[in-house]
Amino acid sequence: MTTQLLSGLNPQQAAAVTLGPEHALILAGAGSGKTRVLTTRIAWLMANGRVSPMGILAVTFTNKAAREMLLRLSTLTAVNPKGMWVGTFHGLCNRMLRLHHRDAGLVPSFQILDTQDQLAAVKRLLKARNIGEDRAPPRQLASFINGCKEKGQRPADVEAFDDYNRRFVELYAGYDAQCQREGVVDFAELLLRSHELLERHQILREHYQQRFRHILVDEFQDTNALQYGWLKLLAGAGNAIFAVGDDDQSIYAFRGADVANMLAFEREFAVQHRVKLEQNYRSSGHILDCANALIAHNDRRLGKDLWTEEGAGERVVVQELPSDAFEAQWIVEQVRAIVRDGDRRSDVGILYRSNAQSRSLEHALFSAGIAYRVYGGLRFFERAEIKHALAYLRLIEREEDDGAFLRVANFPLRGIGTRSLEQLQDLARAKGCSLMEAVRTASEGGPGGASLGRLRQFAQLISRLRQESALLALPDAVRKVINDSGLVAHYSMEREGQDRLENLEELVNAAAAFVQEESFGLDTPSTLAALETEPVGVLTLTPLAAFLAHASLEAGEHQALSGDDAVQMMTAHAAKGLEFRHVFITGLEEGLFPHENALSQEEGLEEERRLMYVGITRARQRLYLSFAQTRMLHGHTRYNLRSRFLEELPDAAVRWLSPRTSQRSSSSWAQPQWSGHNAGSDRQHQGHPGPEPARLGHPLLHQPLEDQACTVQLLVEHLDSIHPLRVGSRVRHGRFGEGVVIELEGRGRDARAQIRFGAHGIKWLALSVARLEVL
DNA sequence: TCGGTTCAGAGTATT
DNA sequence: TCTGAACCGA
């Protein structure tokens, strides 16, 4: 049985899987079979009787990763993994808090605020305190609160060093009080509460320490201080942490992730076993050479080199284009060629640094009639109509939920205006009760007669729904709520309400699917057995409360914009964990990728490089890198240098399709190096390794005839804009002295340059007027 | 309460 | 340039 588990693993993987019950750090390179090692380890531990299913805790960051792990486990073992503690940090903390809600100081059916809800709660707090949003910007306050919580700090722990800060701390305290009153917790609170629970309750802590003999952590490099602290509390004397991560793929420092946790873990736990997984099963050799060479430019690394048993494959293609529009057009051509060669559109991933870049790409793909799908839009449970329906459900579950009350008291419209709601809030504040309670007790001094009647009707609607839905199965209850609340009627009246109606219907389906999943997980005999020592709390949660928690913790799929076989477009961040046969990384320009905001500190640059590394290692077979000489950004045409990352790739693994200028700062504009003849246009698809780049001619001239007129026109326009300055050029000005060009825009007489002068700061100068000496 | 206008800001993102 | 949010008048 165990030999079968180990078959097909390479020596390092097998070593990791079969490590003894001690702490271990697994450095798992991209495409090295990380998930396989994690799940096989769990299966192996159980198969050898080293641990029972309930002795395992496996934690990931995303629901997707958790699902993947459960799926693989179900193929590796006979145990139903649903009852095991496998999930996201937030999911597991939620589970723990439900079980021990009393010790955690929470009501049993506490609700979870997502980011939107949290922001609304913060705004409500500011309003209640009459604090203008200019004095405390809600977003800033929310992120301050989250930042504190992620460092493990309650208001009392935060050092208030100035008045501004003191106000934030004060508001943080007010926010926590408001949440407590309403019985809601935000995402960070789930973790912090759970941390405090373990910290303060020795018996509980020891119970879990003894129970979870093996703690397995996925993507360890992404843990923040609080998550690491939580793991430390769970790690008692007799258990083992199996941490899997890749410092080279740490790209979330900006949201609190701290790679240093990897080293801290080795040190604090006196980790004896560090296993490196370096054999890559995804990409061909040239692609890996690029990845290795690039990441070698980072200083702070644990050190790792990817290799493959497969061949070198095709060289990585680099293409320079005159503008973002041309870049998009070039990609369209390549995708067409790929499809002509028999691959699917969905084999293609197009990556970019920032979402704004998707526009020109979408435009080109759309015009070319190529189906594409952009990741990153609104997700199912984040849609307004769904949030509305959920707000009704939340009020039914817990009438103290003022956030939900305010969201739907007057939606659909029932004549309860802002004014009445404000009065009601004042009343509730004065009485120290919830809005719903305030409606019930309001007589005089509250909202005026007519409004009060409507408010009472609303309150009656909610209690009627509560009573009636209690008798129904969850999906039927959801259907009743969306109908009787008037949501369905409202959206059927709306011109563009059809999609929203469909989404509401989908919510009913989601509830049905949820009920089915849950009953699988909790009612099968094997998992009940696994849960036998579990306090009953989790089983007493109503299906509705459980569904609401599910809706908050799992926002659902990103919307798909087009059919099944579609080109996949996303940011490099979103691509982490995915792979494509063919990958385009676009916009490889200084200021974009690496992003300008990251350039000021060395750490920022290294993170950008890791992001590039993540992008490169997504490709299985072919990798296309492109950059544009000019790009429209924020309404200005920017003239960017090509990305330094391109210089960091090994020549032998790369094929430049466009002539490679020797200096990144040299002007390829002043001396266009393409021949201007339509040489080589009979080639089926340039972009694949083929004839000498020098003989290619400018790739744009390979466009179909009907497009060529416009192409030439565009080229002429671009040539018109020649001037000797580039971003980065050093110049001298009579009055301001020496400076550096940081941006260029306009052309001809309108051309302007933004220049940073030492003592005189940053200035915009018209090139036709200013006397500039280029240094 | 809606619709239009104005204004600022513009990175990456999971739960 | 474009977008989302805030604000004001009907």
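Here is the naming used below: chain letters follow the sequence lines, and residue numbers restart at 1 for every chain.
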Next item on the list: Determine, for A:Tyr375 and A:Arg373, whether the Lys NZ or Arg CZ falls below 6.0 Å from the six-membered ring centre while staying within 45 degrees of the axis.
Entry: yes
Note to self: Is A:Asn355 close enough to B:dA10 that one of its side-chain N or O atoms is under 4.0 Å from OP1 or OP2 there?
What the structure shows: no
Check: Starting at the 5' end of DNA chain B, which residue's closest nucleotide do you reach first, A:Thr571 or A:Gly415?
Finding: A:Gly415
Notebook entry, point to check: For B:dT15, does OP1 or OP2 lie under 4.0 Å from any side-chain N or O of A:Asn63?
Noted result: yes
Margin query: Rounding to an integer number of Å, can you tell me how far A:Leu351 CG sits from B:dA13 P?
Written below: 12 Å
Check: When the C1' atoms of C:dT3 and B:dT14 are considered, how many whole Å apart are they?
Finding: 24 Å
Next item on the list: Over 60° means perpendicular and under 30° means parallel, so classify the ring planes of A:Tyr252 and A:Phe254, tilted if in between.
Entry: tilted
Checklist line | Atom-pair distance (CD on A:Glu219; P on B:dA13), nearest Å | finding: 15 Å
Next item on the list: Check whether NZ of the Lys or CZ of the Arg A:Arg124 lies under 6.0 Å from the centre of the six-membered ring of A:Tyr175 and within 45 degrees of that ring's axis.
Entry: no
Checklist line | A:Ser354 side chain, from C-beta outward: closest of B:dG11, C:dA6, B:dT14 | finding: B:dG11
Check: Between B:dT12 atom C1' and A:Leu592 atom CG, what is the distance in whole Å?
Finding: 13 Å
Notebook entry, point to check: Taking the inter-plane angle between the rings of A:Phe381 and A:Phe547 on a 0 to 90° scale, is it parallel (under 30°), tilted (30 to 60°) or perpendicular (over 60°)?
Noted result: perpendicular
Item checked: Donor-acceptor pair (no angle test) under 3.5 Å: A:Glu608 side chain, B:dG11 base -> yes
If you restrict it to nitrogen or oxygen atoms, what contacts under 3.5 Å exist between nucleotides 3-5 of chain B and the protein, and what is each distance?
none

Item checked: Distance, rounded to the nearest Å, where A:Leu553 contributes CG and B:dT15 contributes P -> 9 Å
Item checked: Distance below 4.0 Å between A:Asn146 side-chain N/O and B:dT15 OP1 or OP2 -> no
Next item on the list: Test for a donor-acceptor pair under 3.5 Å between the base of B:dT12 and the side chain of A:Arg255, counting only N and O atoms.
Entry: no
Next item on the list: Write down the distance separating the P atoms in C:dG4 and B:dG11, rounded off to the nearest Å.
Entry: 13 Å
Next item on the list: Rounded off to whole Å, could you give me the NE2-to-C1' distance for the A:His363 and C:dC2 pair?
Entry: 15 Å
Checklist line | Atom-to-atom span, CZ of A:Phe187 to C1' of B:dT15 - whole angstrom | finding: 4 Å
Notebook entry, point to check: On DNA chain B, nearest-nucleotide positions of A:Glu382 versus A:Phe254: which is more 5'?
Noted result: A:Phe254
Check: Nearest to the side chain of A:His573, which nucleotide is it out of B:dA13, B:dG11, B:dT15?
Finding: B:dA13
Check: Between the base of B:dT15 and the side chain of A:Thr115, is there any donor-acceptor pair under 3.5 Å?
Finding: yes
Next item on the list: Check whether any side-chain N or O of A:Arg359 sits under 4.0 Å from OP1 or OP2 of C:dT1, and answer yes or no.
Entry: no
Notebook entry, point to check: What about the rings of A:His100 and A:Tyr208, do their centers lie closer together than 6.0 Å?
Noted result: yes
Next item on the list: Look at all strands and tell whether A:Phe61 reaches a base, only sugar-phosphate, or nothing, counting heavy atoms closer than 4.0 Å.
Entry: sugar-phosphate
Notebook entry, point to check: Would A:Phe366 and A:Tyr372 count as a close aromatic pair, with their ring centres under 6.0 Å?
Noted result: no
Note to self: Looking at A:Gln116, I'd like to know if its CD atom is crowded, meaning that more than 12 non-hydrogen atoms belonging to other residues, nucleotides or ligands lie closer than 6.0 Å.
What the structure shows: yes
Check: Which whole-number value in Å describes the distance from A:Met632 CE to B:dA10 P?
Finding: 19 Å
Next item on the list: Remember a base hit wins even if backbone is also touched, and classify A:Phe89 as base, sugar-phosphate or nothing at under 4.0 Å, heavy atoms.
Entry: nothing
Next item on the list: Measure centre to centre between the rings of A:His490 and A:Phe411, then say whether the value is under 6.0 Å.
Entry: yes
Next item on the list: Mind checking A:Asp117 for me? I need base, sugar-phosphate or nothing, with any heavy atom below 4.0 Å counting as a touch.
Entry: nothing
Next item on the list: Specify the separation, in whole Å, of atom CZ of A:Phe380 and atom C1' of B:dT14.
Entry: 19 Å
Next item on the list: State whether the number of non-hydrogen atoms from other residues, nucleotides or ligands found under 6.0 Å of A:Arg139 atom CZ is greater than 12.
Entry: no
